[in-house]
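Quick caveat, the model's predicted, so the values are computed rather than measured. Computed from heavy atoms alone, side chains included, the values below leave out hydrogens, waters and symmetry copies.
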Amino acid sequence: MLLAGIILALILGGELCGYVFLLPDPSWQERSPNLLLRYMGSLAYGISYLLSLARAPLGLVPYLVKLFIFFGLRMRYEARHTSYLRELLNMFGDALNLVLSVLIVWWLVGPPRWQWWWVLWYLPVLAECVRLAAERIPTIFSAAWQLMPHRVLARHLQERARSHWAWWLLWHGFARYCRYYTLSDRARAAYVLQVLKQQAAGDPAVVHVLSYVHAFRIVEQKYALRGGIVRDVARGEIFIHAIWTADPWLLIGMALRRSAWVFDPRCVRRPFYYMSGANRLTSLFILRHAHYSWPYAIFQFGHEIRVARLHCFYVLLRWFGFDVERKISADGSFHNDQAIFWLKRHFEDPTLTMPHSLYTDEEVMLELLSQDVDATLPSALDIAVAYTYPLCYVEEVLLPHLRRTVAVLASSDTL
């Protein structure tokens, strides 16, 4: 318990320091590629993958409950239709599941003892404890931080700084805090992205990923952004809630993770899977560049302990001829609960159809060329929006290829 308390205090103390004194600032120096951090990030992902496999038994009961809700109670239970109330319920469920798991293991093998067979029995519980500490503590801290009246506090401190030298010293010590939190929500989002791109100017890998991010777009709170459509791929905009701007480290994490680079066929071949494909790539990227947003990287490490085993699960099923995992949909969205959809389709409603996955270049070309050759081709933006491409790929690759093909077809017709 003492060790757990020390770890908790260190995490919370580090979080508080990072959110008050180390906020994004134009004075940040450019970062260069760091091989040591890349190796450490890869190691962290490997550890999270192994812990995810070790934690797998603890995921059985929650998933059986989800199956009962869906098939027994006939209630829709899609992870992408999340809400803050549901996230609180999930946290309560995590705590309950951990307590029940500890009681069951205790009943089977007795209290913890330093013996190899004891470690095997308690390993899933230990993996779950690491997951909760890494994933839930940053989440709870971020949520609590977002609810605080930072703009009021920052403006009050800024106004008081003119009245007395003691207040001026206090304001000077919290200069970054005041500079950031006196901004409007839209100004904060633009500020974070500008500072992030400035800091990453000397790191080619991060520059490449951020080249697909042009802005944050604030959407209404009622739109869930855990899954589904979370970005505008064509315009390079990442959707956020206004309250998220109170957490600049979350915005940096979103910029790095939800960049549309994976939708560029030059980076990832289309169509592609999410859990056994894009998720692994983006998670590795976050962990290898943890120094850009270490609070988000800690969360990502914990999140991978929860979901990384799905990569192994889906790949093994495909080896045995069961393609349970659906590819990313044509609109760029990902639907969770893949196994539920597969079970429903095979045992309840065989007519249930899957949404079309991302179109390949060949499919796009055929569809566009099926129109009248003499007709005017759609604009690059129209093609990018219709087929979920980054605009730069359409302008640099797809549209020139399409124009050359149209010119060849037109010349062959004249002959």
Side-chain angles (χ1 to χ4, degrees), residues 7 11 34-63 66 79 90 94 97-98 101 105 116 119-139 205-206 209 226-227 253-254 256-259 261-262 267-269 272-320 322-328 334-339:
I7 294 174
I11 293 176
N34 191 312
L35 290 179
L36 177 60
L37 290 177
R38 285 179 58 86
Y39 291 138
M40 291 178 61
S42 299
L43 177 62
Y45 181 82
I47 293 173
S48 68
Y49 199 105
L50 294 176
L51 290 176
S52 183
L53 294 176
R55 178 193 170 272
L58 272 69
L60 179 60
V61 172
Y63 201 77
K66 183 184 290 189
N90 286 341
D94 285 341
N97 185 44
L98 177 62
S101 300
V105 176
W116 68 269
V119 174
L120 292 179
W121 277 98
Y122 275 90
L123 185 58
V125 174
L126 294 175
E128 178 68 352
C129 290
V130 175
R131 196 273 296 187
L132 292 176
E135 183 181 23
R136 291 309 188 186
I137 290 177
T139 301
V206 181
V209 166
R226 181 179 176 184
M254 289 288 102
L256 296 176
R257 178 168 178 83
R258 292 185 171 177
S259 165
W261 69 275
V262 293
C267 303
V268 180
R269 185 176 179 180
F272 55 85
Y273 295 103
Y274 179 70
M275 278 301 176
S276 60
N279 177 71
R280 182 171 178 271
L281 296 174
T282 53
S283 298
L284 266 171
F285 184 83
I286 290 293
L287 294 175
R288 287 172 175 172
H289 299 87
H291 51 302
Y292 284 92
S293 178
W294 56 266
Y296 191 86
I298 293 174
F299 161 81
Q300 192 65 53
F301 176 76
H303 183 71
E304 288 307 303
I305 296 176
R306 181 160 62 90
V307 304
R309 71 182 189 279
L310 295 176
H311 171 270
C312 181
F313 175 73
Y314 289 135
V315 170
L316 285 176
L317 283 180
R318 283 200 290 272
W319 282 356
F320 289 102
F322 299 97
D323 194 1
V324 173
E325 187 181 12
R326 291 181 287 173
K327 294 182 173 70
I328 296 290
F334 163 71
H335 297 266
N336 290 285
D337 310 316
Q338 307 279 299

Side chains of Arg280 and Tyr45: closer than 4.5 Å at any heavy-atom pair?
yes
With a 4.5 Å cut-off on side-chain heavy atoms, are Tyr296 and Met254 touching?
yes
Kindly state each residue pair satisfying salt bridge (charged side-chain N to carboxylate O under 4.0 Å, His left out) with at least one member in residues 294-306, sequence neighbours excluded.
Glu135-Arg306
Taking the side chain as C-beta and beyond, is there a heavy-atom pair between Ile298 and Phe301 under 4.5 Å?
no
Only counting residues at least two apart or in another chain, list the ones meeting side chain to side chain donor-acceptor pair (under 3.5 Å) with Thr282.
Arg257
Ring-plane angle category for Phe299 and His303, please: parallel below 30°, perpendicular beyond 60°, tilted otherwise.
parallel
Looking only at non-hydrogen atoms, find the nearest pair between Arg55 and Ile305 and report the distance.
CD-O, 3.9 Å
Evaluate the side-chain proximity of Val268 to Trp261: yes if any heavy-atom separation is below 4.5 Å, no if none is.
yes
Smallest heavy-atom separation, Leu287 atom then Ala44 atom, equals CD1-C, 4.3 Å
Spatial distance of atom CE (Met275) from atom CZ (Arg309) [nearest 0.5 Å]
9.5 Å
Please confirm whether the backbone N or O of Val125 pairs with a side-chain atom of Ser101, one donor and one acceptor, at under 3.5 Å?
no
What is the ring orientation for His311 with Tyr49, classed by angle as parallel under 30°, tilted 30 to 60°, or perpendicular over 60°?
perpendicular
